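None of these values were measured; they are calculated from a predicted model.
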Amino acid sequence: MLRWLNYYFIVLLLVASNPKVNAQTIENNSETTIRALDYKIKHKTGKLTSNNEAYKIVSDSFLLDVTKTYVVRYLIENKSKDSMIVLEFPAWTNVMIKENGHLIGKTGAFLPFNERSLPMGNKSFILVSINPGDSRQIEAELKASYKNLTQPVNLDIIGKSYDFTVERSYLERQIVYFFLGAYFFIVLYNFFLMLVTKSRAYGLYVFLISIYFFALPHNFGYTIEYFSFLTNYPKFHPFIELIFSSLFGFAILEFTSEFLGVKKYFPRTNKTFNLIRILLVLVLIPGFFGQSVIAYTLSSLIGLFTFGVVLTVSIRSFKRKYPGANYFTFAFSFFILGMFVFLLKEVGVLPETMFTKYSMQAGTTIEAMLFAIALGDRINRLEIQNKEQSLQLIKELKNNEKLQKSINQQLEKKVLKRTIEIQKKNIELEYSNLQITESLNYAKNIQNSILENHNALDNNPIENFVFYKPRDIVSGDFYWSYQINPEILIWITGDCTGHGVPGALLSIVGNVLLNKIVIERGISKVDLVLNLLSQELDRTINQHGENDERLDGMDISVCRLDKRTNTLTFASANSRLWLVRDHKIEECRGEKNPIGNYTKTVPMFNEHTFRVQKDDLILTFTDGFPDQFGGANNKKYGYAKFKNLILRVNEFPIQEQEALINNELNKWQGLNNQVDDITIIGVKIS
C-alpha cells in the first residue's frame with residue numbers, strides 16, 4: 001500500500017510541473033484591476049437610502065456592516081490578454097450584477113448551485129466580457145449573512161481571466177482527486193486488515209480516514225456538484241461542515257483512546273476526553289438553529305483544545321515508551337504541522353502556494369500512512385509481548401512444579417525421620433499404629449475408588465474443580481456425579497454425621513443409595529432424589545428415633561444442569577448453593593432438615609430453578625472451610641471471608657482455583673488442626 005501512495009506523490013509532482021495544467025504559466029496574463037468606486041445601502045423594504053439615492057465614496061476608513069445590503073459600482077480594467085473575465089465574490093451569500101439596469105449574472109454562497117451564472121465548486125463566480133485593454137463599469141448588489149461560516153471584510157472583489165480560472169480549477173481538482181485516491185487505498189487496505197485481525201483499533205482507524213475521505217470534496221465544494229438534491233439547500237452546507245468537524249473530533253478521540261490505552265494509563269485524561277465528547281455534541285446546537293459563525297468559532301476552539309490534549313497524551317506515552325507511541329506522536333505531528341502552515345497562509349503570514357494551500361491535506365495523508373504503520377507495529381509488539389508472557393508463565397509453572405516436588409520430598413523425609421524415631425521409642429505402639437494406618441489407608445483407597453467411579457466431572461468437557469480434603473485419612477464428606485445424557489449432568493456434595501471411619505461408612509451408604517435412586521431407578525428430579533434418599537437412609541440403617549437413639553444423617557446439596565435450556569435445578573438438605581456472576585454472589589438455601597429425618601413421612605425437600613449463562617460459576621460446599629480456625633486471633637474463617645475468597649479466585653482460570661483455595665486454607669490454618677472434612681465443587685458454565 002505504501003508503495004502505491006509513493007506513486008501518487010510522484011504523479012502529483014508531475015502534474016504540478018506540467019505546463020498544460022500548471023496555472024502559474026497563465027497567471028502573468030490574467031491581471032485585472034477592479035476598484036470599488038462608491039456604494040449605496042439597500043434597506044430591507046427594497047428602497048435605497050433617502051439621501052437622494054446618492055452614492056457614497058468608498059474611503060480608506062470604510063467599515064463593512066454585514067447586516068446590510070450594499071449596492072456597489074465597480075470599475076473593471078482588463079489588463080490581461082483574455083476578453084472573458086471571471087469575477088469572484090468570496091464570502092458574499094447573495095450577489096447580483098447589473099449594467100444599465102440589465103441583469104448580467106448572479107451567484108453567492110446561499111444561491112442554489114444550478115442558479116449561479118458560473119457554477120464551479122464552492123466558488124462565487126460571475127463571467128463578464130471585456131476586451132483586452134478596455135474598462136467597464138458594473139453595479140453589484142452584495143449581501144452577507146452571519147449564518148455563513150465566513151463573512152466579507154470589505155467591498156474588494158477578485159478578477160482573473162477565464163482561461164486562468166479554468167486551468168486553476170482543473171489543477172485543484174486533480175490534487176483533490178489525488179488525495180481522495182490516497183485515502184481510498186488506505187481505507188480499503190485497513191478495512192481488510194480489520195476483518196482479518198478483528199481489532200477495534202483498525203475499525204476506529206478506518207472510521208477516522210473515512211471522515212477525511214468524505215470531508216475533503218465537501219470542503220472544496222464538489223459535493224453539491226455530484227449530489228444534485230443538495231443544490232436547493234445551500235444554507236444547510238455550513239451545518240454539514242460542523243457535523244464533519246464534530247465527527248472528526250470523535251474519530252481522533254476514539255482512535256487515540258484505543259491506540260494509547262487512555263482509559264487504562266491516563267484515567268484523568270480520559271475524563272477530559274469525555275468532556276470533549278459532550279462539547280462536540282453541544283456545539284452543533286447553535287449551528288442547527290442557524291448560528292453557524294458562533295458554532296464554527298466554538299468548534300474551532302474545541303478542535304484546538306482537542307489537538308492539544310491528544311498531542312500531550314501522545315508525548316507522555318512516547319516518554320513512557322508505550323508500544324507504538326513513537327509512531328503515533330510522529331504521525332500526529334505531521335497533521336499539526338500541515339494545519340499550522342495552512343493557518344499561516346490563511347492569515348497572510350505565508351504566501352499562497354501549492355504547498356501552503358494543500359499543506360493540511362498533505363499532512364493528513366502522511367499522518368494516515370504513519371498511523372497504518374503504527375497499527376501494524378503495535379499489533380506485532382502485542383503478539384511478541386503475549387508470547388513472552390506465555391513463556392514466562394510456563395517457566396514459572398515449571399519452577400512451581402519443581403518447588404512442589406522438592407517440598408514434598410522434604411516433607412516425606414521429615415515424616416520418615418519422625419516415624420523412625422517413634423519406632424525406636426515404642427515399636428509395639430508403632431506396629432499397632434501401622435496396622436491401623438494400613439487399614440485406614442485401605443479404607444481410604446476403597447472410599448476414593450467409590451468416589452472416582454461415580455464422578456462424571458472428571459471426564460466431562462464442562463470446566464470444573466473438586467477441592468476434597470478429609471480431616472482424617474477417610475472422610476465423612478463425599479461427592480457424587482452422573483452424566484444422565486450428553487446434555488444433562490447431575491452432581492452432589494454431601495457431609496455425613498461424624499468424621500473418620502463412622503462418617504466414611506455413612507458416605508459409602510450415601511453413594512450406594514444414590515446409585516440405586518439415580519442410576520438404577522432413573523430418578524433425576526433433585527427434590528425427589530433427596531426425599532427418596534432420606535427415606536432409604538432411615539430404612540438402611542434401621543433408624544427410628546426411639547429411646548434416645550443416636551440419629552445419623554447427612555447435609556447434602558443436589559444440582560442438575562440441563563445444557564439445552566441453560567437451566568440449573570437445585571435442592572438441598574441443610575446446605576446452600578452460591579451462584580457467582582458479574583463479581584457478585586447470589587445465594588440459595590434449601591430446607592434446614594438433614595437427610596435421615598425419620599419423622600417426616602411426606603416429601604420435605606423442594607427444588608429451586610435458575611437460568612444460568614456463560615461464565616457463571618456454580619459453587620456447592622460443606623461447612624468445613626468456613627468453620628476452620630486460624631488466623632492471628634485463632635477464629636473461624638467465616639462465610640463472609642469465604643465469599644471474598646471465592647470472588648478473588650474466580651478472576652483466575654478455573655484450573656487454578658483449586659490450588660488458590662488450598663493455599664488460602666494453609667495460610668489461614670497455620671499450625672492448627674483441621675477441624676472438619678472439606679469439600680468444595682465449582683462448575684463453570686461455558
Side-chain angles (χ1 to χ4, degrees), residues 21 23-24 26-27 29-36 69-132 134-145 148-152 155-177 217-235 237-238 352 357:
V21 297
Q24 190 66 36
I26 310 174
E27 192 161 7
N29 299 322
S30 66
E31 296 179 357
T32 301
T33 302
I34 303 176
R35 289 190 296 115
T69 301
Y70 290 85
V71 179
V72 188
R73 288 194 302 184
Y74 289 100
L75 176 63
I76 307 174
E77 297 177 294
N78 186 6
K79 297 181 180 180
S80 71
K81 297 180 180 180
D82 196 343
S83 61
M84 304 300 294
I85 302 300
V86 177
L87 305 181
E88 182 179 359
F89 299 83
W92 292 99
T93 58
N94 295 88
V95 178
M96 286 195 304
I97 291 183
K98 297 179 181 179
E99 186 176 31
N100 299 325
H102 298 289
L103 181 65
I104 298 177
K106 57 182 179 178
T107 187
F110 281 4
L111 193 68
F113 189 75
N114 54 1
E115 295 182 17
R116 301 177 188 179
S117 298
L118 185 60
M120 190 179 293
N122 60 354
K123 305 292 186 180
S124 297
F125 289 151
I126 292 180
L127 184 65
V128 295
S129 175
I130 306 176
N131 292 326
D134 289 349
S135 63
R136 182 179 180 181
Q137 282 193 23
I138 62 170
E139 184 181 74
E141 184 177 308
L142 309 176
K143 185 178 180 180
S145 173
N148 198 21
L149 292 183
T150 58
Q151 289 80 40
L155 296 177
D156 293 341
I157 61 176
I158 302 172
K160 296 289 183 180
S161 70
Y162 178 76
D163 289 341
F164 172 81
T165 303
V166 171
E167 295 293 344
R168 176 57 65 96
S169 176
Y170 178 70
L171 176 61
E172 182 181 90
R173 287 176 185 269
Q174 284 188 313
I175 295 175
V176 170
Y177 292 156
H218 178 80
N219 292 338
F220 280 87
Y222 301 148
T223 306
I224 57 177
E225 295 184 14
Y226 303 136
F227 302 99
S228 58
F229 65 90
L230 294 175
T231 60
N232 296 324
Y233 307 98
K235 295 181 181 180
H237 294 169
E352 181 172 334
K357 186 174 182 179

| task | Any chance you could lay out the side-chain contact (heavy atoms from CB on, under 4.5 Å) test for Arg116 and Lys106, step after step, and finish with the verdict? | result | CA-CA 6 Å; Arg116 301 177 188 179; Lys106 57 182 179 178; over 6 Å; no
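- The environment of Tyr162 atom OH is sparse: at most 12 non-hydrogen atoms of other residues, nucleotides or ligands sit within 6.0 angstrom.
- Going from atom OG of Ser135 over to atom CG of Asn78 covers 9.5 Å, rounded to the nearest 0.5 Å.
- Of all non-hydrogen atoms in Ser117 and Phe125, the two that sit nearest each other are CB-O, 4.4 Å.
- Between Leu142 and Val95 there is a side-chain heavy-atom pair separated by less than 4.5 Å.
- In this structure the side chain of Pro152 never reaches within 4.5 angstrom of the side chain of Pro90, judged on heavy atoms.
- For the pair Ile97/Leu103, no side-chain contact is recorded, criterion being any heavy-atom separation below 4.5 Å from C-beta on.
- With Thr69 contributing its side chain and Lys143 its backbone, the two residues share no donor-acceptor pair below 3.5 Å.
- Here the CG atom belonging to Leu87 is positioned 5.0 Å from the CD1 atom belonging to Ile157, to the nearest 0.5 angstrom.
- Using a 3.5 Å distance cut-off with no hydrogens or angles, the side chains of Asp163 and Ser161 do not pair a donor with an acceptor.
- For the atom pair CZ of Phe110 and OG of Ser145, the computed distance is 4.5 Å after rounding to the nearest 0.5 Å.
- We find the CD1-CD1 distance between Ile126 and Ile138 to be 7.5 Å, quoted to the nearest 0.5 Å.
- Here the side chains of Ile85 and Leu127 are not in contact, with every heavy-atom distance at 4.5 Å or above.
- Using a 4.0 Å cut-off between charged side-chain N and carboxylate O, Glu99 and Arg136 make a salt bridge.
- Minimum interatomic distance between Ser124 and Trp92 (heavy atoms only, all atoms of both residues): OG-O, 4.1 Å.
- With values rounded to the nearest 0.5 angstrom, Glu139 atom CD is found 12.5 Å from His102 atom NE2.
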| task | Go through Asp82 and Lys160 one step at a time and tell me if the side-chain contact (heavy atoms from CB on, under 4.5 Å) criterion holds. | result | CA-CA 9 Å; Asp82 196 343; Lys160 296 289 183 180; over 6 Å; no
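- Between Asp156 atom CG and Arg35 atom CZ the span is 11.5 Å, to the nearest 0.5 Å.
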